[in-house]
> 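One structure, pasted below without further comment.
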Amino acid sequence: MSLYCFYTYVFLFVFLLINIKQLLTQRKHSPPPSPPRLPILGNLHQLGNYPHIALNSLAQRYGSLMMLRLGNIPALVVSSADAAREMMKTHDIIFSSRPIFRSDEKILVGKGLVIAPYGEYWRQMRSITVLQLLINKRVQSFKTVREEEIALLIQKLKESSLLSLSVDLTEILSTLTNDVVCRVAFGRKYGVDGEYNFKEILDEFMLLLDSFDIGKFIPWLGWVNHVNGVNSRVKRVANWFDNFLDKVIDDHIENRRKRRNGNGDKNMDFLDVLLQIQEEDNIPGFSLERDGIKGTISDIFAAGTDTTSTVLEWAMTELLRHPKVMKKVQNEARHIGNGKSSITEEDLDKMHYLKAVIIETLRLYPPLPLLLARLSSQDVKIMGYDIPAGTTVITNAWAIGRDSAIWDEPDEFWPERFLNSPIDFKGNDYFQAIPFGAGRRGCPGLSFAMVTSEIVLANLVYMFDWSLPSGATGQDLDMTPSSGLIAHRKVHLKAVASTSAAFY
Ligand code: HEM
């Protein structure tokens, strides 16, 4: 071999070595694409008032996996069904924690499930919530509570229908879901009247939970919350809620002592169930403390009230915008109800179109459009990209539900697409629409939420014909969502109920 050839081979060898090394390092660190960022704010300024919509626009440019920086927080944004499946199914355990923001801890009283890091405490609390509180048998046992509250609602609507008055459906539905959850949790209502102005406090609690908190993202700017009064409002609501729960728990303990029959499972509310678990104290290596009880109840109010009324509010909005769909769901309800005084939960199994209306509503308007954030607990590869441990994960369920690669005419309200469709929202097999999240941390309140939404909507359309005030048409409705964690309507939905001719 000539000297020239020898040097050429050495040169090629070194060149190849360098390239392979570079390739390997690139492979080793292949982060998802990122939009450019500003100093300190990172990408925070790009979220706007409607983060789910803004993030969807960014995803159109940067892809269904994007890495953002929200102030100090590295955040992965997931915007496709495939990426969500990989995260919540293939690598479920790695993404089963939640980021802890100090402000959430301050608002959510006690030590509950929603913000608990993945681990033994969460596992025990989750198992109590799923197997003792939200299991189907228990959800069904509250059928009478739902039916009684619906009867009250129908009575109210009949009264305003006699006077052709418009009703604030947003307000009425929010009160209804709050009353149902209150009775299920405490065995009685704590409304606007009486000793506790529970509804007002709950509204403030939801407002604070929903509000933008700069200290979450840029801790050294946390002082802003002192200046603008948010911290004192948080403290006031948290103290109020804490004292309220103490009082309700003490009353329950006293009543159980008096009754001495606290073991009768039949009429037990959630608090009774939790107190019984605490008394029996037979979970190996785990004791349910008062703080755990408070946390569970606080979670159920935070996660279960506004989310459910939001579905109903959007479902009624879309029905008012689509008179043919309204007619179809009314015909189904009236055929099945057949002149009875109300639709019962036994009737729901036969109401396929009504179920499709609810599912289509959840696809288009997931109440938590960005679900609840998750946190990666170790380095992992998703869709070929490297995601480091400690990354906050935001899943854009709103974008997935409207993805044109999955759905025909994705922005159209068309319940027929779900008739005879195998898609459920359990997040086991189908990730095309995931309003309840998926995997280990998926929503344990799915059955509770579905049966409540279905029975309320069924009765609203069964008993009444609906129109908009002052001769407005559905197309006049303002469809702007609220900003915040829960995307309800920005403008309250007001409508006129008239008792259907079928019931005269
Ligand atoms: C339409 C109504 C509802 C929607 C859309 C909804 C949605 C969600 C979502 C997206 C999550 C996070 C899931 C994830 O990280 O993958 C969640 C968690 C949760 N939901 Fe719901 N939810 C609803 C109703 C309810 C109800 C009625 C209850 C209880 C009565 C409830 C209790 C909870 C709890 C306790 C968690 C935390 C679970 C955990 O972190 O392990 N939800 N929900």
Side-chain angles (χ1 to χ4, degrees), residues 52 78 84-85 87-89 92 95-100 104 108 110-119 121-130 132-135 138-139 142 145-146 173-174 176-178 180-185 269-270 273 292 295-315 358-359 361-375 392-398 400-401 425-428 431 433-454 456-457 485-488:
H52 56 289
V78 175
R85 180 182 285 107
M87 178 200 127
M88 293 170 158
K89 188 164 180 171
D92 188 20
F95 292 100
S96 278
S97 233
R98 296 208 193 277
I100 300 177
D104 295 341
L108 289 168
K111 274 181 78 191
L113 172 67
V114 172
I115 59 170
Y118 182 64
Y121 183 78
W122 169 81
R123 222 186 316 273
Q124 295 295 354
M125 295 303 285
R126 172 99 188 177
S127 133
I128 289 173
T129 307
V130 170
Q132 306 282 350
L133 304 181
L134 294 169
I135 192 164
R138 176 105 42 215
V139 172
F142 293 117
V145 169
R146 287 184 290 270
L173 293 169
S174 149
L176 177 94
T177 51
N178 176 41
V180 168
V181 175
C182 226
R183 285 185 63 184
V184 164
D269 54 53
F270 282 179
V273 177
T296 309
I297 298 286
S298 151
D299 280 359
I300 279 170
F301 276 99
T305 52
D306 268 18
T307 43
T308 311
S309 61
T310 298
V311 182
L312 285 163
E313 176 192 53
W314 284 115
I358 299 269
I359 296 177
T361 306
L362 279 157
R363 176 186 73 82
L364 281 169
Y365 307 97
L368 294 164
L370 299 176
L371 305 183
L372 295 177
R374 303 281 191 94
L375 186 76
T392 289
V393 183
I394 296 170
T395 307
N396 196 341
W398 182 87
I400 294 173
F425 286 168
K426 296 191 177 136
N428 295 332
F431 284 74
I434 42 169
F436 293 96
R440 281 176 175 68
R441 277 311 284 242
C443 176
L446 189 148
S447 315
F448 192 109
M450 289 306 263
V451 72
T452 310
S453 313
E454 287 169 9
V456 175
L457 189 69
L485 193 68
I486 298 182
H488 41 81

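Atoms within a ligand are numbered from 1 in the order they appear, just like the ligands themselves.
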> Using a 4.0 Å heavy-atom threshold (strictly under), name the region of Ser453 that reaches ligand 1: side chain, backbone, both or neither.
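Ser453 to ligand 1: no contact under 4.0 Å from either part.
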
> Quick one, Cys182 and Phe301 - any side-chain contact, counting heavy atoms below 4.5 Å?
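A side-chain contact exists here, since the closest heavy-atom pair is under 4.5 Å.
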
> So which bit of Arg440 gets within less than 4.0 Å of ligand 1, heavy atoms only: side chain, backbone, both or neither?
neither

> In the protein, what heavy atom is nearest to atom 26 (C) of ligand 1, and what distance, to one decimal place, separates them?
Gly304 CA, 3.4 Å

> Could you tell me, atom by atom, which parts of ligand 1 come under 4.0 Å of a heavy atom of Leu134?
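In order of numbering, the contacting atoms are 29 (C), 30 (C).
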
> For atom 9 (C) of ligand 1, grab the closest protein heavy atom and report residue, atom and distance to one decimal in Å.
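Checked against all protein heavy atoms, atom 9 (C) of ligand 1 sits closest to Leu368 CD1, 3.7 Å.
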
> With heavy atoms of Leu113 as the reference, note each atom of ligand 1 found under 4.0 Å away.
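It comes down to these atoms of ligand 1: 35 (C), 39 (C), 40 (O), 41 (O).
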
> To check your reading of the model: name the closest protein heavy atom to atom 21 (Fe) of ligand 1, its residue, and the distance in Å.
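Here the nearest protein heavy atom works out to Cys443 SG, 2.3 Å.
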
> At a 4.0 Å threshold, what atoms of ligand 1 neighbour a non-hydrogen atom of Pro444?
19 (C), 20 (N), 33 (C), 34 (C), 35 (C), 36 (C), 38 (C)

> List every atom of ligand 1 that sits less than 4.0 Å from any heavy atom of Val311, numbering the atoms from 1 in the order shown and giving each element.
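With Val311 as reference, the close atoms of ligand 1 come out as 1 (C).
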
> Taking only heavy atoms of Phe448 into account, list the atoms of ligand 1 that are under 4.0 Å away from them.
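Once the distances to Phe448 are compared, the set is 27 (C).
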
> Are any of the side-chain heavy atoms of Ile434 and Thr395 separated by less than 4.5 Å?
yes

> What distance separates Lys111 NZ from Thr296 OG1, expressed to the nearest 0.5 Å?
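Answer rounded to 0.5 Å: 11.0 Å.
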
> In terms of ring plane angle, is the pair Phe270 and Phe142 parallel, tilted or perpendicular, where the classes change at 30° and 60°?
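Rings of Phe270 and Phe142: perpendicular, over 60°.
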
> Which atoms from ligand 1 have a heavy atom of Gly442 less than 4.0 Å away?
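Those of ligand 1 that fall under 4.0 Å from Gly442 are 13 (C), 16 (O).
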
> Pull out every atom of ligand 1 sitting under 4.0 Å from any heavy atom of Ala449, numbered as shown with elements.
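The atoms of ligand 1 under 4.0 Å from a heavy atom of Ala449 are 1 (C), 2 (C), 24 (C).
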
> Which ligand 1 atoms are under 4.0 Å away from a heavy-atom of Val114?
37 (C), 40 (O)

